[in-house]
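Okay, structure first, notes after.
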Amino acid sequence: MTVKVNITSLGCAKNRVDTEVMLGLLRDAGYEITHREEDAHVLIVNTCGFILPAKEESINTILELVRFKESGKCQALLVAGCLSQGYSDDLAKELPEVDGFLGPGEVPKVASIVANVLQGKKTIQVGQPDFLYDHTMPRVLSTPFHYAYVKVADGCDNRCGFCMIPNLRGPFRSREEDSVFQEVQSLTERGIQEILLIAQDTTRYGLDRYGDFRLPQLIRRLAPIDGLKWLRLMYCYPAHFTPELIEAMAAEPKVCRYVDLPLQHADDELLRSMNRRSSVAEIRQLVKDLRANLPGMAIRSSFIVGLPGETEEKFQRLLDFLEEMRFDRVGVFTYSREEDTPAGRHLDQVPDEVKEERFHRAMTLQQAISRSIQQEWVGRTIPVLVEEEVSPGLYRGRSEREAPEVDGFIEFKGKDLMSGQWAKVKITSADDYDLMGEEINEPG
């Protein structure tokens with residue numbers, strides 16, 4: 001009997017790449033991959049352990065999948081990823097239904113771990129989180145066939161005061177440039193048109209391996225690859241955003257006029273307490289330089305409200321900064337107190353009800369900013385990559401200003417289009433996060 005395996009991937013795109021590598025390794029080991037949980041003999045949850053809501057989602061997903069062991073075909077349930085890395089011993093006691101745990105460093109061993117648990121051997125394999133995949137490893141893509149994530153590095157050395165990622169993913173380590181190039185080339189040969197470069201700190205790429213920031217060089221090398229239409233940068237730590245990187249982005253038309261720039265706050269004292277390496281003045285100058293060199297660029301950022309020591313005055317500085325900067329996309333998160341972090345040990349924690357109130361105030365402000373920016377696109381005609389047909393003659397797609405999974409869509413009327421095709425779309429209306437329009441057919 002062929003053993004069928006299903007993997008549920010939670011958390012960020014970096015985790016998704018690990019999931020895709022595990023799927024490839026399992027496929028090559030003779031297991032059959034199924035998208036239906038009810039058909040799987042082995043269920044794996046690749047978990048996120050970044051903040052409390054992510055941990056809760058991971059635990060709830062595990063508990064939901066337990067029912068397939070009780071009333072389905074499932075013979076083994078495994079928990080992988082960051083939650084296993086940080087909490088495997090506790091989880092093994094609290095969740096006896098789980099047959100095995102593996103940390104991010106054990107990805108290459110997934111097939112042998114599955115074999116062990118199918119033989120009835122309870123397994124906990126959580127070593128150093130030092131795995132780094134390369135172009136030679138198999139991947140089963142879980143994204144639509146026209147875009148893919150490429151992880152250029154793993155781990156993190158920034159040691160932000162609120163974050164456990166260095167404990168869960170290990171130190172920052174870059175892939176070889178040749179390996180990234182060969183993977184992107186292989187993906188485009190398979191029909192992938194959009195590559196999203198990701199890491200815990202994408203702008204740091206190359207520093208550990210080559211002694212300098214090599215993302216500009218990598219961009220210049222990847223851009224000429226045949227078949228590549230869009231190259232998108234995600235998770236760009238602001239302190240490592242060099243003038244050379246801006247120059248490389250501006251010089252390459254295939255680089256999306258888009259950047260994901262997590263800033264976290266806009267008060268200098270809080271930024272220092274978080275061990276962030278950019279001041280508000282430096283951040284302001286970086287945004288100015290990006291917009292001057294890349295006109296029309298969409299900037300996405302994320303901020304944390306309710307950090308230890310965040311007074312009403314400090315929070316107001318964040319609101320003022322949002323209003324001044326007018327970012328195109330913003331994610332706001334309430335601070336999650338994590339053990340073994342400097343911020344978690346602070347005594348001046350902000351009450352939960354204050355965090356929630358500040359979250360809603362920040363999001364309400366950003367919603368109005370986003371609505372205003374969206375309205376500026378009404379009447380323009382832009383190229384759109386088709387994602388799907390949502391109903392007959394109505395399609396959903398993205399321009400270079402929208403990243404998959406985290407941003408809104410462009411919904412438009414069109415005809416005879418398929419996922420992965422391109423359309424010229426005239427924007428006719430806008431709401432807070434999405435644009436609406438109609439396909440413009442070129443004569444001839």
Side-chain angles (χ1 to χ4, degrees), residues 1-37 39-48 58 61-62 65 73-85 88 98-143 145 148-155 168-170 173 175-176 178-180 182-187 189-190 192 198-199:
M1 179 189 75
T2 301
V3 176
K4 297 181 179 180
V5 181
N6 171 275
I7 302 185
T8 299
S9 190
L10 304 175
C12 65
K14 284 95 69 178
N15 220 33
R16 181 195 282 266
V17 173
D18 287 351
T19 294
E20 293 174 346
V21 172
M22 285 194 285
L23 288 169
L25 291 166
L26 290 164
R27 178 200 61 195
D28 287 4
Y31 295 97
E32 181 180 335
I33 307 303
T34 177
H35 299 295
R36 291 167 52 88
E37 294 164 346
D39 291 341
H41 302 105
V42 178
L43 291 168
I44 302 174
V45 186
N46 194 14
T47 59
C48 177
S58 295
T61 301
I62 295 166
L65 294 179
K73 297 179 180 179
C74 180
Q75 301 169 21
L77 173 60
L78 285 87
V79 175
C82 291
L83 202 65
S84 286
Q85 185 67 33
S88 58
V98 176
D99 301 287
F101 297 88
L102 61 152
E106 316 305 315
V107 166
K109 303 175 185 174
V110 64
S112 61
I113 292 172
V114 168
N116 285 339
V117 297
L118 285 173
Q119 293 171 14
K121 301 174 184 176
K122 289 271 187 175
T123 301
I124 298 180
Q125 290 204 23
V126 179
Q128 292 298 315
D130 54 5
F131 168 66
L132 184 64
Y133 89 109
D134 63 24
H135 67 286
T136 66
M137 302 198 75
R139 276 179 72 182
V140 174
L141 296 182
S142 58
T143 51
F145 67 87
Y149 297 98
V150 171
K151 189 155 51 169
V152 299
D154 211 331
L168 302 176
R169 305 294 302 197
R173 51 205 185 275
R175 290 174 58 187
E176 291 184 358
D178 285 347
S179 176
V180 177
Q182 291 186 56
E183 183 181 18
V184 172
Q185 190 171 52
S186 174
L187 289 168
E189 288 171 355
R190 293 164 58 180
I192 298 294
I198 59 172

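Predicted model, so just to flag it, every value in this text is computed and none were measured.
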(message) Distance check, rounded to the nearest 0.5 Å: E32 atom CD versus T2 atom OG1?
(response) 6.0 Å

(message) Check whether K73 reaches the backbone of H41 with its side chain - one donor and one acceptor, N or O, closer than 3.5 Å.
(response) no

(message) Would you say that C82 contacts R169 through its side chain, given a criterion of any heavy-atom pair below 4.5 Å between the two side chains?
(response) yes

(message) Run V42 and K4 through side-chain contact (heavy atoms from CB on, under 4.5 Å) and show every step you take.
(response) CA-CA 6 Å; V42 178; K4 297 181 179 180; over 6 Å; no

(message) side-chain contact (heavy atoms from CB on, under 4.5 Å), that's the test. Do V17 and Y133 meet it? Break it down for me.
(response) CA-CA 9 Å; V17 173; Y133 89 109; 3.7 Å; yes

(message) For the backbone of V98 and the side chain of K122, can you confirm whether one donor and one acceptor N or O come within less than 3.5 Å of each other?
(response) yes

(message) Can you give me the closest heavy-atom contact between C48 and G11, atom names plus distance?
(response) CB-CA, 3.7 Å

(message) Less than 4.5 Å apart, side chain to side chain, heavy atoms only: is that true for V45 and L78?
(response) no

(message) Any non-hydrogen side-chain atom of Y149 less than 4.5 Å from a side-chain atom of R16?
(response) yes

(message) Using 0.5 Å steps for rounding, measure from the CG atom of L65 to the CD1 atom of I62.
(response) 8.0 Å

(request) For a side-chain contact (heavy atoms from CB on, under 4.5 Å) with E20, tell me which candidate from L141, I7, L25, N15 qualifies. (result) L141

(request) Kindly compute the distance separating CG (L118) from OH (Y31), expressed to the nearest 0.5 Å. (result) 5.5 Å

(message) Once rounded to the nearest 0.5 Å, what's the spacing between atom CG of D99 and atom CG of L43?
(response) 10.0 Å

(message) Could you check whether any side-chain N or O of T47 sits under 3.5 Å from a backbone N or O of A80, counting only pairs where one atom can act as donor and the other as acceptor?
(response) yes

(message) Test your reading of the model: is there a side-chain donor-acceptor pair from D134 to the backbone of S179, 3.5 Å cut-off?
(response) no

(message) I need the minimum non-hydrogen distance between P104 and G81, along with the two atoms involved.
(response) CD-O, 3.5 Å

(message) Using the rule side-chain contact (heavy atoms from CB on, under 4.5 Å), only one of D18, L26, L23 pairs with V110; which is it?
(response) L26

(request) Given side-chain contact (heavy atoms from CB on, under 4.5 Å), test I44 with V114 step by step and report yes or no. (result) CA-CA 9 Å; I44 302 174; V114 168; 4.2 Å; yes

(request) Look at atom CD of Q182 and say whether more than 12 heavy atoms of other residues, nucleotides or ligands are closer to it than 6.0 Å. (result) yes

(message) Check whether T123 reaches the backbone of V117 with its side chain - one donor and one acceptor, N or O, closer than 3.5 Å.
(response) no

(request) Find out whether L10 and N46 are in side-chain contact, i.e. whether some heavy atom of one side chain is under 4.5 Å from a heavy atom of the other. (result) no

(request) Give a yes or no answer on whether the side chain of Q85 reaches the backbone of G127 with a donor-acceptor pair at less than 3.5 Å. (result) yes

(request) For residues F131 and P108, determine if any side-chain heavy atom of one lies less than 4.5 Å from a side-chain heavy atom of the other. (result) yes

(request) Considering non-hydrogen atoms only, spot the tightest contact between P129 and G170 and give its length. (result) CG-N, 3.6 Å

(message) Looking at every heavy atom in both L83 and S58, which two are closest together, and how far apart are they?
(response) CD2-CB, 3.7 Å

(request) For the residue pair V140 and M22, establish whether any side-chain heavy-atom pair is separated by less than 4.5 Å. (result) no

(request) Using a 4.5 Å cut-off on heavy atoms from C-beta on, say whether the side chain of V21 contacts that of R139. (result) yes

(request) Determine whether R36 and N6 make a side-chain contact, defined as any pair of heavy atoms from C-beta on separated by less than 4.5 Å. (result) no

(request) Identify the heavy atoms of V126 and G103 that sit nearest to each other, and give their distance. (result) CG2-N, 3.9 Å

(request) Would you check if the side chain of D39 reaches a backbone N or O of T34 as a donor-acceptor pair within less than 3.5 Å? (result) no

(message) Using a strict threshold of under 4.0 Å (side-chain N to carboxylate O), is an ion pair present between R175 and E183?
(response) yes

(request) Considering non-hydrogen atoms only, spot the tightest contact between A148 and T143 and give its length. (result) CA-OG1, 4.0 Å

(request) Could you grab the distance from atom CD of Q185 to atom CD1 of I192, nearest 0.5 Å is fine? (result) 14.5 Å

(request) Drop me the distance from L132's CG to E176's CD, to the nearest 0.5 angstrom. (result) 9.5 Å

